[in-house]
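Notes follow the structure.
Everything quoted here is computed from the prediction, not taken from an experiment. Residue numbers start from 1 in every chain, and the chains themselves are labelled A, B, ... in the order their sequence lines are given, proteins ahead of strands.
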There are 2 protein chains.
Amino acid sequence: MPRVSSKIPGVQGCAVERTLSLIDGKWKIVVLYKLLRGTLRFNELRRLIPNVTQRMLTHQLRELEADGLIVRTVYAQVPPRVEYALSVRGRSLEPVLMAMKEWGDTNLASDEAQAA
Amino acid sequence: MPRVSSKIPGVQGCAVERTLSLIDGKWKIVVLYKLLRGTLRFNELRRLIPNVTQRMLTHQLRELEADGLIVRTVYAQVPPRVEYALSVRGRSLEPVLMAMKEWGDTNLASDEAQAA
DNA sequence: CATCACGGTATCCTTTTTGACACTATGGGC
DNA sequence: GCCCATAGTGTCAAAAAGGATACCGTGATG
């Protein structure tokens, strides 16, 4: 991911870039997507997202949390119980996710090389 | 960037991920942004995007072209003249870019740590 | 003759990101 | 006593992305 490019604040397009930097990361979007439907526990996410490793999932969740997009709730139990949910801010990303989904659905459907 | 994660097609959220993979890359979004306003030549883009190196700009433009988002037109002149413009497909990304911009404008404005 | 602008390439190196794999603590079930 | 599940962490290594720098050919300009 880009991870914020220009050090100079105020550069045009900065908002877009910064937004992108928050949802970039190989699994973040999927995580956000899954969470749109409701709170999930760590291993539920793991099962919903095949191929993601524990380390990666943890890492992405930590970044999403640090960016204030999700909320992590730990229940002091044994066995541990940790729940992840979208924060208000995270849920506000829904239009962005949806715009991307719609674009993808109509523009990436079945074919690959369709320039214009 | 993620660059497409799951090999298994049909995974939910795939469209979003693939869309993301197209606009990821440290400068792609800025390039697309600049091109929303009209055709630009290589060095015009360079001047509009401070900090980008020639190598990076070329690279990003090539990927955008390969993905069918922009169109590259070479005029057989000396000195060379190469123009870049959004393709129809590229322009159709406008809602996505705009959704990201609006989100960024309202959610990243001035502050950083505002969880919820 | 030397220099500039154009639109790149080629090469090398560093940083960032991702992945594999092992390991941890606790309590319950068999 | 041994294994399972939970929700991680730590270490190491590979791969990908990004950046710095130098170079190319041409024609006009000085």
Whole-Å distance, B:Glu63 CD to D:dG18 C1', equals 12 Å
Considering only heavy side-chain atoms of B:Val78, the closest of C:dG8, D:dG27, C:dT26 is D:dG27
>> Would you say B:Arg47 places a side-chain N or O within less than 4.0 Å of OP1 or OP2 belonging to C:dG7?
In response: no
Whole-Å distance, B:Ile70 CD1 to C:dG7 P, equals 14 Å
message: Checking the side chain of B:Gln60 only, and the main-chain atoms of B:Trp27 only, is there a donor and an acceptor separated by less than 3.5 Å?
response: yes
With respect to the phosphate group of D:dG18, does any side-chain polar atom (N or O) of B:Gln60 fall under 4.0 Å of OP1 or OP2? yes
With sugar-phosphate meaning primed atoms plus P, OP1 and OP2, does B:Tyr84 contact a base, only sugar-phosphate, or nothing at under 4.0 Å between heavy atoms?
sugar-phosphate
| task | Could you tell me whether B:Glu83 and B:Arg72 make a salt bridge, using a distance below 4.0 angstrom between a side-chain N and a carboxylate O? | result | no
Does C:dT16 have its OP1 or OP2 closer than 4.0 Å to a side-chain nitrogen or oxygen of B:Lys26? no
Where the side chain of A:Thr19 meets the backbone of B:Met100, is there a donor-acceptor pair that is under 3.5 Å apart?
yes
Output yes when at least one side-chain N/O atom of B:Arg62 is less than 4.0 Å from OP1 or OP2 of C:dG8, else no.
yes
Within residues 52-59 of chain A, the residues having a heavy atom closer than 4.0 Å to DNA chain C are A:Thr53, A:Arg55, A:Met56
In whole angstroms, the gap separating P of D:dT21 from CG of B:Asn51 amounts to 14 Å
Does A:Arg81 reach the main-chain N or O of A:Val74 with its side chain, forming a donor-acceptor pair under 3.5 Å? no
From CG of A:Leu45 across to P of D:dA5 the rounded distance in Å is 18 Å
Q: Answer yes or no: is there an ion pair linking A:Arg46 with A:Glu44, defined by an N-O contact shorter than 4.0 Å?
A: no
By salt bridge (charged side-chain N to carboxylate O under 4.0 Å, His left out), A:Arg62 pairs with (sequence neighbours left out) none
Rounded to whole Å, the CD-C1' distance (B:Gln77 to D:dG27) equals 12 Å
B:Glu65 CD to C:dG8 P, in whole Å, measures 9 Å
#### Entry: Side-chain (A:Ser87) to main-chain (A:Leu69) donor-acceptor, under 3.5 angstrom
yes
B:Arg46 CZ to C:dC4 P, in whole Å, measures 15 Å
note: A:Arg81, atom CZ; D:dG8, atom C1'; distance rounded to Å ~ 16 Å
- With respect to the phosphate group of D:dG8, does any side-chain polar atom (N or O) of A:Arg72 fall under 4.0 Å of OP1 or OP2? yes
